[in-house]
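The next block holds one structure in the form of structure tokens; read it before the comments.
Index from 1, following the sequence.
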Amino acid sequence: MKVFVAGATGAVGKRLVPLLVAGGHSVVGMTRSPEKAESLRAMGAEPVVADGLDRNAVMEAVALTQPDVLIHQLTALSGIKSFRRFDHDFALSNRLRTEGIDHLLEAALAIGARRFVAQSYGNWNYERTGDGLKTEEDPLDPSPPPNQAESLDAIRYLEQAVTGAEGMDGLALRYGNFYGPGTGFALDGDLVALVRKRRLPIIGDGGGVWSFVHVDDVAAATLAAVERGAPGIYNVADDEPAPVAEWLPELARAVGAKPPRRVPVWLGRVAAGEVGVSMMTRIRGASNAKAKRELAWQPRYPSWREGFRTGLDGVQPAAPG
């Protein structure tokens with residue numbers, strides 16, 4: 001098939017494009033940076049230069065290339081390393097999840113594309129109740145911290161737009177928290193830098209459960225969603241969601257840092273705001289059972305434990321299948 005990847009030079013796109021090419025697909029990679037076009041050619045893709053927020057440019061790029069499948073991987077996540085101004089720091093990503101998804105969906109419908117796969121998120125946005133893992137059938141948080149409400153609204157908008165699109169199969173992939181090359185949780189990532197400086201503490205009991213997924217596993221799951229799976233929403237994460245009190249010390253050990261500090265909730269609220277307290281103490285992990293069953297996808301890194309030790313940098317994209 002001919003596959004159009006919007007956001008082809010981001011952390012996921014760099015891992016995804018080679019997998020699509022290796023799988024026999026003809027790939028068009030969209031980037032807003034002319035300087036990155038050559039890197040897409042080197043990966044075997046046809047580059048197009050367009051800003052995801054420029055409707056006319058997106059419409060023209062899709063009309064000229066006529067893809068069968070479109071993939072939305074448009075975010076602006078680099079450099080985010082604080083919970084205090086969450087919605088402010090995610091403002092551009094939120095526009096890409098609303099305005100950007102509208103432009104790409106309009107373009108897809110105009111040419112009669114048959115399939116659309118979009119990047120969503122599945123961890124802090126689930127309702128912060130219960131002890132079990134959240135499935136795609138569980139409700140999203142009806143009352144998130146005020147400074148996360150706009151970001152949750154953008155995720156809801158994206159998912160409703162994609163799965164409700166008429167005339168084509170829409171799949172929204174709720175990825176867990178990325179780690180690996182090009183992410184904040186890489187050897188050279190912003191969040192690992194905070195861990196090394198002991199500036200990412202465990203707040204309270206550290207009972208907030210995080211779902212992780214390596215960027216190579218994100219790419220493999222996205223390839224699977226291009227080729228198979230019914231329309232709908234899928235959690236894409238590893239097999240072992242874990243509380244902060246468990247994974248953060250292991251991450252520090254993996255990168256040769258001292259153990260993280262522990263701070264009480266009141267001090268964590270001063271330093272990281274209500275979002276930080278929620279992320280560290282209240283969020284719930286997500287089940288990947290549906291994606292494994294219906295997309296026939298298996299993570300290369302079933303657990304962040306191995307991934308933190310061997311996959312934080314320099315990992316090559318996994319082979320298709």
Side-chain angles (χ1 to χ4, degrees), residues 1-7 12-13 15-17 19-20 22-28 62 66-75 97-98 100-102 104-123 125-127 132-140 154-176 211 213 215-239 241 285-300 302 318 320-321:
M1 293 180 287
K2 193 168 193 178
V3 182
F4 186 102
V5 182
V12 175
R15 321 301 281 187
L16 174 60
V17 168
L19 284 189
L20 289 165
H25 300 291
S26 174
V27 181
V28 178
V62 174
Q66 294 286 308
D68 304 297
V69 182
L70 287 88
I71 302 176
H72 178 287
Q73 293 287 351
L74 296 169
T75 57
R97 285 172 169 161
T98 52
I101 204 73
D102 282 348
L104 210 57
L105 278 170
E106 183 182 358
L109 291 167
I111 65 161
R114 58 185 180 178
R115 200 165 180 86
F116 195 105
V117 180
Q119 176 182 146
S120 187
Y121 177 79
N123 195 182
N125 47 326
Y126 278 112
E127 188 171 28
L133 299 181
K134 301 295 185 179
T135 73
E136 296 82 354
E137 302 302 317
D138 286 309
L140 298 182
I155 292 170
R156 288 185 191 274
Y157 184 95
L158 177 146
E159 292 185 350
Q160 290 168 4
V162 170
T163 59
E166 296 289 339
M168 66 179 157
D169 293 340
L171 291 81
L173 305 185
R174 287 180 179 167
Y175 301 135
S211 287
V213 62
V215 284
D216 283 344
D217 286 327
V218 171
T222 307
L223 172 64
V226 166
E227 298 178 339
R228 53 190 173 270
I233 294 170
Y234 297 82
N235 290 333
V236 175
D238 74 15
D239 297 343
S287 166
N288 64 9
K290 180 181 177 182
K292 291 171 73 174
R293 180 180 67 249
E294 298 188 19
L295 299 181
W297 166 76
Q298 291 288 335
R300 178 178 179 177

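We find the OG1-CH2 distance between T222 and W297 to be 9.5 Å, quoted to the nearest 0.5 Å. Of the inter-residue distances, the one linking L74 atom CG with I101 atom CD1 reads 7.5 Å to the nearest 0.5 angstrom. A distance of 12.0 Å separates OG of S120 from CG of L171, quoted to the nearest 0.5 Å. Taking CG from D102 and CG from L158, the interatomic distance works out to 9.5 Å, rounded to the nearest 0.5 Å. To the nearest 0.5 Å, the span separating CG on N235 from OH on Y121 amounts to 11.0 Å.
Residues V236 and A291 share a closest heavy-atom pair of CG2-CB, 4.5 Å. Shortest non-hydrogen contact noted between A237 and V213 is CA-CB, 3.9 Å. The heavy-atom pair separating S287 from L133 by the smallest distance is N-CB, 3.8 Å. Here the closest heavy-atom approach between residue A6 and residue L104 is recorded as CB-CD2, 3.7 Å. Between P231 and D169 the shortest heavy-atom distance is CG-OD1, 3.5 Å. In terms of heavy-atom proximity, A113 sits nearest to M168 at O-CB, 3.3 Å.
Side chain of K290 to backbone of I233: a donor-acceptor contact under 3.5 angstrom is found.
Among residues two or more places apart in sequence or in another chain, the ring-ring contact (aromatic ring centres under 6.0 Å, His included) test is passed with F116 by none. Residues satisfying the side-chain hydrogen bond (donor to acceptor under 3.5 Å, both in side chains) test with R174, not counting sequence neighbours, are Y126, E159. Partners of D239 by side-chain hydrogen bond (donor to acceptor under 3.5 Å, both in side chains), not counting sequence neighbours, listed by chain and number: N288, K292. Residues forming a side-chain hydrogen bond (donor to acceptor under 3.5 Å, both in side chains) with E106 (at least two apart in sequence, or on another chain): R55. By the side-chain hydrogen bond (donor to acceptor under 3.5 Å, both in side chains) test, S211 pairs with no residue at all, sequence neighbours left out.
Counting only heavy atoms from C-beta outward, the side chains of L223 and L20 approach each other to under 4.5 Å. Looking only at side-chain heavy atoms (C-beta outward), I155 and R97 come within less than 4.5 Å of each other. Between M1 and R115, the closest side-chain pair of non-hydrogen atoms is not below 4.5 Å. For the pair N125 and R156, the minimum side-chain heavy-atom distance is 4.5 Å or more.
Residues D217 and R300 are not paired through a salt bridge, judged by the lack of any N-O separation under 4.0 Å between the basic side chain and the carboxylate.
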Without placing hydrogens or testing angles, list every side-chain donor-acceptor pair under 3.5 Å for residues 66-73, not counting sequence neighbours.
residue: Q66; atom: NE2; partner: A63; partner atom: O; Å: 2.9
residue: D68; atom: OD2; partner: K2; partner atom: N; Å: 2.8
residue: H72; atom: NE2; partner: L96; partner atom: O; Å: 2.9
residue: Q73; atom: OE1; partner: Q119; partner atom: NE2; Å: 2.5
residue: Q73; atom: NE2; partner: Y175; partner atom: OH; Å: 2.9

